[in-house]
Amino acid sequence: DTGVSQDPRHKITKRGQNVTFRCDPISEHNRLYWYRQTLGQGPEFLTYFQNEAQLEKSRLLSDRFSAERPKGSFSTLEIQRTEQGDSAMYLCASSLNQGPQIGEELFFGEGSRLTVL
Amino acid sequence: GENVEQHPSTLSVQEGDSAVIKCTYSDSASNYFPWYKQELGKGPQLIIDIRSNVGEKKDQRIAVTLNKTAKHFSLHITETQPEDSAVYFCAASTKNDYKLSFGAGTTVTVRA
């Protein structure tokens, strides 16, 4: 399978615990995005990387959230001291940026569902 | 930032009928408008997109129209089939800012 893969698919944790999600993008893709999706809503942008550089972070990404893409390949999203409001689906997407153009297709993984008790 | 509104939130159609979903956007600099389909337990998947330099695009039973003046775009699905049942999201992005702003989604149910 050469699509975007995310791990774990489901995570149940207690409030106050730390969790980490991993995303493996499509191999030749240089851009990687994290989105959050709550029930009945569309995905909300959290952050994105161009290779290993984190270029933008949403105000939704509080200081309890940190994302890395150390070698420009896989990425991790860590949430510290989880709160019940963090319960959501965390989606990773990747794309191939080929220079200035109008729009580029994002390929999404199947998501990591977080439940904070 | 960009604000995308999507209507209706739910849509039930008889198999074989057409389905239309409408979206509006706020940022006149937006120039890329994709539509994603999300099935239960899966991530969104691109089904069609349109760029600001065209007004309409068609791919088999799916078509999208764009009205830049009114800042709205629509998805049309003709001859609907049960496998079209899913949640559909519209989205928009601006030039040189590739992050997408999504609508809240439309749950489409095709009745056999």
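Not measured: the values here are computed from a predicted model. We use all heavy atoms of the structure for the numbers below, so side chains are in, but hydrogens, waters and symmetry mates are not. So that the names make sense, note that chain A is the first sequence line, chain B the second, and so on, each numbered from 1.
Residue A:Leu55 does not touch chain B at all, counting heavy-atom pairs closer than 4.5 Å. If you measure heavy-atom distances from A:Arg9 to chain B, the contacts under 4.5 Å come from the side chain alone. With a threshold of 4.5 angstrom between heavy atoms, B:Pro44 approaches chain A through its backbone and through its side chain. For B:Tyr36, the part lying near chain A is the side chain, with the backbone staying farther off; criterion is any non-hydrogen pair under 4.5 Å. Heavy-atom distances place the side chain of B:Gln38, and not its backbone, under 4.5 Å from chain A.
Aromatic ring centroids of A:Tyr35 and B:Phe102 lie under 6.0 Å apart.
Counting heavy atoms from C-beta on, the side chains of A:Leu106 and B:Leu46 never come closer than 4.5 Å.
By the neighbour-count criterion of 12 heavy atoms within 6.0 Å, atom CZ of A:Arg64 is densely surrounded, having more than that number from other residues, nucleotides or ligands. Atom CG of A:Leu117 has more than 12 heavy atoms from other residues, nucleotides or ligands within 6.0 Å. Residue A:Glu110 qualifies as enclosed at atom CD: its count of foreign heavy atoms under 6.0 Å is above 12. More than 12 heavy atoms of other shown residues, nucleotides or ligands fall within 6.0 angstrom of atom CD in B:Glu15. Heavy-atom contacts from other residues, nucleotides or ligands closer than 6.0 Å to CD of B:Gln60 number 12 or fewer. Within a 6.0 Å radius of CD in B:Glu79, other residues, nucleotides and ligands contribute 12 heavy atoms or fewer. For A:Leu60, the CG atom sits in a packed shell: over 12 heavy atoms of surrounding residues, nucleotides or ligands are nearer than 6.0 Å.
Rounded to the nearest 0.5 Å, atoms OH (A:Tyr48) and CG (B:Leu100) are 11.5 Å apart.
Both A:Leu32 and A:Phe65 are members of a single hydrophobic cluster when ILVMFWY side chains are connected at heavy-atom separations under 4.5 Å.
Interface summary for chain B: among A:Gln37, A:Glu44, A:Met89, the most heavy-atom pairs under 4.5 angstrom belong to A:Gln37. Among A:Ala93, A:Gly42, A:Pro43, A:Ser58, the residue making the largest number of heavy-atom pairs under 4.5 Å with chain B is A:Pro43.
A pairwise comparison of heavy atoms in A:Tyr33 and B:Lys99 identifies CE2-CA, 4.0 Å as the closest pair.
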